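All values reported here derive from a predicted model rather than from experimental measurement.
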Amino acid sequence: MSKFFGTPDGTKVGQLFIDRRELHEAFVHRPLQGGISGTKSDGADSIVVSGGYGDDQDHGDYILYTGHGGKDPKSNRQVKDQSIDAPGNAGLITSFLKALPVRVVRGKHAGSPFAPLAGYLYSGLYLVTGWQLMRGLDGFVVVLFRLERVDEQRPLEPQSSNIPDPEFATTIVSRRIRDSSLARDVKNMYDFHCQICDTQVPTFDGNAYAEGAHLRPLGRPHVGSDALDNILCLCPNHHTQFDFGGLVISDNLEAVETHRMTVISDLRFRKNHLLAIENVRYHRELWAPAKDQISEELAAS
DNA sequence: ATCCCGGTCCCC
DNA sequence: GGGGACCGGGAT
């Protein structure tokens, strides 16, 4: 029945394990092969991020993690839609609903600077802060979970810096991780006004805060470009909504709220800022919600 | 019992 | 390094 939640006694954040059996014996991650330890009734108590799913994104303090199922073990690609009823996926949804802490382990092939060079790294506790069905890179529906780090006693240390991924080039430890000089240019261009709601977030010194949002994400596997035609200037709320697929940009350059498919506003533009329509479409395709799937799944559960 | 798997190992 | 065999724990 019940699972064990939280960090086991004697285990430290940042501790390395040789292999899955060591993780198993330390009660950090019980399954020897599965990426998710979880069931619908108990929730999920641990996951392993191993880079086996192309739709994953590891940003250190938060992770977009693909659920399991639908994969052909030979080709290692998705060949079927994933389901929210698969035990691990249902477990992560339960963890989301009950706000249960999930132990996160990174494997050596996880493909981010936060992954260990060898073995498995216990990376601390995360909360599932959202999930949704999306059309994955291979064209099938995947369940995508957003996990955010809650165990803040110790900063997350990059394990390597030689991964040629512009998204991580300036990463140290912070929630704002992509602040290229071009993103700064775009923010200056808009005087830190959000292109959707025009909000300017004031800071203590009389300046303002905004964020540069990339339409086509920089990191693998999307490999978007860090260019003016790929960046929006957004307030933190709309940036978060944008990054998590809660809004997309139409070909008419309106901000559209995806769940209800309603237009929030026209995007505001300043001179010398043109978006590339292929980047707009890339973001929209990435997040085109599989609405039929969602209603079917929810009706069945 | 049986099926699934973000493994692992062995061999070429 | 890549394909195939074989793995054992956990859930059903």
Looking at the side chain of [X], which of [options] is the nearest nucleotide?
X: A:Lys3; options: B:dT8, C:dG9, C:dA11; value: C:dA11
X: A:Tyr65; options: C:dA11, B:dG7, B:dG6; value: B:dG6
X: A:Ser50; options: B:dT8, C:dG8, B:dG6; value: B:dG6
X: A:Arg30; options: C:dC7, C:dG9, C:dG10; value: C:dG10

| task | For A:Asp243 and A:His239, test the side chains for any donor-to-acceptor distance below 3.5 angstrom and give the result as yes or no. | result | yes
| query | If anything within 90° of 0 is syn and all else is anti, what is B:dG6? | reply | syn
Measure [atom1]/[X] against [atom2]/[N] and give the value in whole Å, please.
X: A:Ile47; N: B:dC5; atom1: CD1; atom2: P; answer: 16 Å
X: A:Asp72; N: B:dC5; atom1: CG; atom2: P; answer: 11 Å
X: A:Leu32; N: C:dG10; atom1: CG; atom2: C1'; answer: 10 Å
X: A:His29; N: B:dT8; atom1: NE2; atom2: C1'; answer: 15 Å
X: A:Glu22; N: C:dG9; atom1: CD; atom2: C1'; answer: 17 Å
X: A:Asp45; N: C:dG10; atom1: CG; atom2: P; answer: 11 Å
X: A:Asp85; N: C:dT12; atom1: CG; atom2: C1'; answer: 14 Å
X: A:His68; N: B:dG7; atom1: NE2; atom2: P; answer: 13 Å

| task | Sequence neighbours left out, what pairs pass salt bridge (Lys or Arg N to Asp or Glu O under 4.0 Å) with at least one residue falling in residues 104-117 of chain A? | result | A:Asp58-A:Arg106
| query | Between B:dG6 and C:dT12, how far is it from one C1' atom to the other, in whole Å? | reply | 22 Å
| query | Taking atom P in both C:dG10 and B:dT8, what distance in whole Å separates the two? | reply | 16 Å
| query | A:Tyr120 on top of B:dG6's base, within under 5.5 Å and under 30°? | reply | no
| request: Provide the Watson-Crick or G-U wobble partner of B:dG6, both distances under 3.5 Å; none if there is no partner. | output: none
| field | Nearest-nucleotide 5' precedence on DNA chain B, A:Gly70 against A:Lys108 | value | A:Gly70
| Salt-bridged, A:Asp138 to A:Arg77, with N to O below 4.0 Å? | yes
| Distance flag, aromatic centroids of A:Tyr53 and A:His68, threshold under 6.0 Å | no
| request: Determine, using ring centers only, whether A:His283 and A:Phe242 are less than 6.0 Å apart. | output: yes
| message | Does the plane of the ring in A:Tyr62 sit parallel, tilted or perpendicular to the ring in A:His59? Use 30° and 60° as the thresholds. | response | parallel
Does [X] reach a base, just sugar-phosphate, or nothing at all? Heavy atoms under 4.0 Å.
X: A:Gly91; answer: nothing
X: A:Gly107; answer: nothing
X: A:Thr66; answer: base

